[in-house]
Asks: 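Have a look at this one.
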2 protein chains.
Amino acid sequence: MNKEKKNRPNPRRDVIIAKAAMLFRKNGYVATSMRDLAEEVGVEAASLYNHISSKSEILQDICFRVANKFMLNIDEVSARPISALEKVELILRFHIREMINNYEEVNVSDREWRHLPEPYLLNFQNQRKIYRQKFASLIEEGIRSGEINEIDAPTAVIIMLHAVSGIESWHRSVKKIDADQLEKNMVMILIHGLKKNS
Amino acid sequence: MNKEKKNRPNPRRDVIIAKAAMLFRKNGYVATSMRDLAEEVGVEAASLYNHISSKSEILQDICFRVANKFMLNIDEVSARPISALEKVELILRFHIREMINNYEEVNVSDREWRHLPEPYLLNFQNQRKIYRQKFASLIEEGIRSGEINEIDAPTAVIIMLHAVSGIESWHRSVKKIDADQLEKNMVMILIHGLKKNS
DNA sequence: CCTACCGATCGGTAGG
DNA sequence: CCTACCGATCGGTAGG
């Protein structure tokens with residue numbers, strides 16, 4: 001008897017969550033019904049409940065998987081023997097690549113977390129806060145060492161995180177430039193600014 | 001007999017739309033019911049329909065008022081006898097101030113436009129596209145004149161617009177820095193970049 | 001995995 | 001501006 005449902009691989013469940021992420025991103029969590037999702041998966045709505053226990057459980061799965069991935073990355077990058085500015089740039093690049101390669105789930109996590117039920121909402125908001133504080137600390141370290149301009153670190157964090165979330169517009173549109181070019185441009189603008197140094 | 005309902009001042013209607021903007025921003029358009037809105041206004045749900053014809057009409061009002069304001073601004077700024085980089089900076093500052101002073105409606109317009117019914121959705125998306133093209137043209141002008149780094153202009157537009165939308169996080173949090181400081185910091189980071197010129 | 005169904009809530013209308 | 005109400009749809013369950 002398997003007690004740990006969560007750790008057992010369940011391909012059907014993964015399909016449901018992947019389809020849900022796609023619908024949640026496109027139409028929003030609230031506007032997506034379990035019947036919409038069932039149709040996408042190819043079953044009746046009632047059958048979904050053999051694999052998931054509620055609609056909000058799907059949202060929890062998506063939001064926390066994304067949050068954990070980013071948290072692991074910032075800790076891994078922070079531990080490296082490189083300068084603070086290099087760390088900030090690496091984290092920025094990680095955000096850009098995740099937004100491109102995993103954009104359904106990352107966008108859902110970014111935009112739909114407000115609909116998490118308690119106590120998950122509070123938990124998610126806390127993780128978010130901790131992540132931003134870690135990011136801000138790296139920027140402050142860079143300011144102290146003279147690599148980074150003397151700006152308000154929390155404001156810089158907000159700009160970095162939200163600028164990257166704009167990639168959704170790029171992903172949906174006709175991609176005139178490729179992913180590598182996009183990453184290069186974003187890093188250029190955010191790290192070096194718009195203005196040319198004369 | 002007044003045929004033009006739209007142009008007649010209607011303070012009650014304005015209150016309804018302001019309360020709706022606040023609820024739509026906080027909980028999302030779909031998750032806000034007409035009963036929630038009625039309670040906020042202090043009437044029964046049915047009474048709202050004496051002032052508005054549908055829930056989606058409220059969303060239309062908010063989205064297009066915001067879109068028109070930004071469009072007017074970019075045209076006004078573009079016509080000025082100043083450099084392209086100065087124009088870009090002025091537009092950026094306008095976005096920041098609107099996000100701070102009018103943040104309920106601007107945020108609703110930014111995040112909930114997807115729920116506009118056709119043909120308004122298509123109309124809104126077109127206006128959005130035109131706005132971004134105008135913005136991108138100014139950046140390209142700045143690149144040609146040598147004021148702005150050689151980056152992909154549409155990518156720069158996406159970064160500018162989305163970075164500013166992050167102000168919502170600032171607005172909701174304990175405001176450790178004031179609005180002027182926030183504007184100064186955002187312009188610094190986006191125009192001059194994170195990296196200090198050594 | 002399905003059929004059949006539940007109570008709750010939705011946007012909106014009729015009529016006064 | 002209200003009471004009373006409509007059909008549609010929601011998330012979810014029972015039972016097989």
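Values reported hereafter were calculated over all heavy atoms of this structure, with side chains retained and with hydrogens, waters and symmetry mates removed. So that the names make sense, note that chain A is the first sequence line, chain B the second, and so on, each numbered from 1. Predicted, not measured: the structure shown is a model, and the values here were computed from it.
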Asks: Which donor-acceptor pairs under 3.5 Å do side chains of residues 150-160 of chain B form with protein atoms, sequence neighbours excluded?
Replies:
unit_1, atom_1, unit_2, atom_2, d
B:Asp152, OD2, B:Thr155, N, 3.3
B:Asp152, OD2, B:Thr155, OG1, 2.6

Asks: Measure OH/B:Tyr49 against P/D:dA4 and give the value in whole Å, please.
Replies: 19 Å

Asks: How close or far is atom C1' of D:dG11 from atom CD1 of A:Ile58, stated in whole angstroms?
Replies: 11 Å

Asks: Could you tell me whether B:Ser47 contacts a base, only the sugar-phosphate backbone, or nothing, with contacts defined as non-hydrogen atoms closer than 4.0 Å?
Replies: base

Asks: Return the value, rounded to whole Å, for the distance between atom CZ of A:Arg35 and atom C1' of C:dC2.
Replies: 14 Å

Asks: If I take atom NZ in residue B:Lys55 and atom P in nucleotide D:dA8, what distance separates them, rounded to the nearest angstrom?
Replies: 19 Å

Asks: Using only side-chain N and O atoms of A:Ser33, determine if any of them is under 4.0 Å from OP1 or OP2 of D:dC10.
Replies: yes

Asks: Where each residue is assigned the nucleotide of DNA chain D containing its nearest heavy atom, which of A:Ala31 and A:Ser53 is assigned the position nearer the 5′ end?
Replies: A:Ala31

Asks: Across all strands, who's sitting opposite C:dG15 as a Watson-Crick or G-U wobble pair, both distances under 3.5 Å?
Replies: D:dC2

Asks: Looking at B:Glu168 and B:Arg25, is there a salt bridge between them, counting it only when a charged N and a carboxylate O are closer than 4.0 Å?
Replies: yes

Asks: Would you mind checking if A:Glu98 and A:Arg65 are paired as a salt bridge, meaning a charged N to carboxylate O distance below 4.0 Å?
Replies: no

Asks: Give a yes or no on whether the backbone of A:Lys69 and the side-chain of A:Asn73 come within a donor-acceptor separation of less than 3.5 Å.
Replies: no

Asks: Is B:Arg93 paired with B:Glu89 through a side-chain N to carboxylate O contact shorter than 4.0 Å?
Replies: yes

Asks: CG of B:Leu23 versus P of C:dC10: gap in Å, rounded?
Replies: 13 Å

Asks: How many whole angstroms separate atom NE2 of B:His51 from atom P of C:dG12?
Replies: 16 Å

Asks: Counting heavy atoms from C-beta on, name the nucleotide in D:dT13, D:dT3, D:dG12 closest to the side chain of B:Ala46.
Replies: D:dT3

Asks: How is A:Ser56 classified with respect to the nucleic acid when contacts are heavy atoms under 4.0 Å: base, sugar-phosphate, or nothing?
Replies: nothing

Asks: What is the distance, rounded to the nearest whole Å, between atom CG of A:Leu37 and atom P of D:dC10?
Replies: 12 Å

Asks: Rounded to the nearest angstrom, tell me the gap between atom CG in B:Asn50 and atom P in C:dG15.
Replies: 15 Å

Asks: Would you say B:Arg12 reaches D:dC1's phosphate, i.e. side-chain N/O to OP1/OP2 under 4.0 Å?
Replies: yes

